[in-house]
Amino acid sequence: PYIMAYPIEKLRTLFEIAVDVKDNALEAAFFEADMLDLKPQIGMGYELLPTEYKNGTEDAVGGEKILCYYAFARYLQTADQSSTSTGLKLQTYGGSVVLPDTSKFKRAEAERAKADLFCEGLIAWLRQDGLLACPKVRNTRISLIK
């Protein structure tokens, strides 16, 4: 079976994610970020993005770093949560509780907002070079805010 090579080590470096966080949790976050955040905006998945656009330049953030920001935002939304027979739980020092963590949600939204802004530059770069897979694709989150 084919396995996508997402930049897990780059994500760990950018956001200092603990080494005991399993790669499969990060791979799930990357997959969702690729399919639900990056692909709708540039019209192609991370793997199809040409290398120079993955790496970026001095003037534009590359797709690899953008995907890491989106993946981190998605990871934050599910970090420290476990599915149990009695429902979704947050692990605490004294056991487990079910409480909404609004600070985690705010952090996830802040990271996603950064990724959206970085993606604007990538979209412009791809459009300028005629490589945007879907010329009418726009950063939908930014468009809704505007």
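Computation of the quantities below employed the complete heavy-atom set of this structure, encompassing side-chain atoms and omitting hydrogens, waters and symmetry-equivalent molecules. Since this is a predicted model, take the numbers as computed values, not measurements.
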So, Asp116 and Tyr70: side-chain donor and acceptor under 3.5 Å apart, yes or no?
yes
Side chains of Lys39 and Met44, heavy atoms from C-beta outward: is any pair under 4.5 Å?
no
Charged N to carboxylate O below 4.0 Å: is that the case for Lys54 and Glu64?
no
Parallel, tilted or perpendicular, judged at 30° and 60°: which one describes the rings of Tyr53 and Trp125?
tilted
Do Glu27 and Phe31 come close enough that some side-chain heavy atom pair is under 4.5 Å?
no
Are Leu11 and Phe30 close enough that some pair of their side-chain heavy atoms sits under 4.5 Å apart?
yes
Assess whether salt bridge (Lys or Arg N to Asp or Glu O under 4.0 Å) is satisfied between Glu111 and Lys114, documenting all intermediate values.
CA-CA 5 Å; Glu111 298 303 331; Lys114 290 176 197 174; 3.3 Å; yes
Over 60° means perpendicular and under 30° means parallel, so classify the ring planes of Phe72 and Phe15, tilted if in between.
parallel
May I have the step-by-step check of side-chain contact (heavy atoms from CB on, under 4.5 Å) for Arg74 and Leu36, ending in yes or no?
CA-CA 10 Å; Arg74 289 193 174 273; Leu36 302 174; 3.5 Å; yes
To the nearest 0.5 Å, atom CG of Leu48 lies from atom CG of Asp34 at 9.0 Å
Please report the shortest heavy-atom distance between Ala108 and Ala73, naming the atom on each side.
O-CB, 3.4 Å
Closest non-hydrogen contact found for Cys119 with Ile42 is SG-CG2, 4.4 Å
Rounded to the nearest 0.5 Å, how far does CD of Gln41 lie from CD1 of Ile66?
8.5 Å
If I take atom CG from residue Leu67 and atom NZ from residue Lys65, how far apart are they, to the nearest 0.5 angstrom?
13.0 Å
Is there a side-chain contact between Arg112 and Asp37, using heavy atoms and a 4.5 Å cut-off?
yes
Using side-chain contact (heavy atoms from CB on, under 4.5 Å), reason through Leu126 and Leu49 one step at a time and then give a plain yes or no.
CA-CA 10 Å; Leu126 288 166; Leu49 196 60; 4.1 Å; yes
What pairs with Asp23 under salt bridge (charged side-chain N to carboxylate O under 4.0 Å, His left out), at least two apart in sequence or on another chain?
Arg12
Mind running side-chain contact (heavy atoms from CB on, under 4.5 Å) on Tyr75 and Val21 for me, showing each step along the way?
CA-CA 10 Å; Tyr75 167 72; Val21 173; 3.3 Å; yes
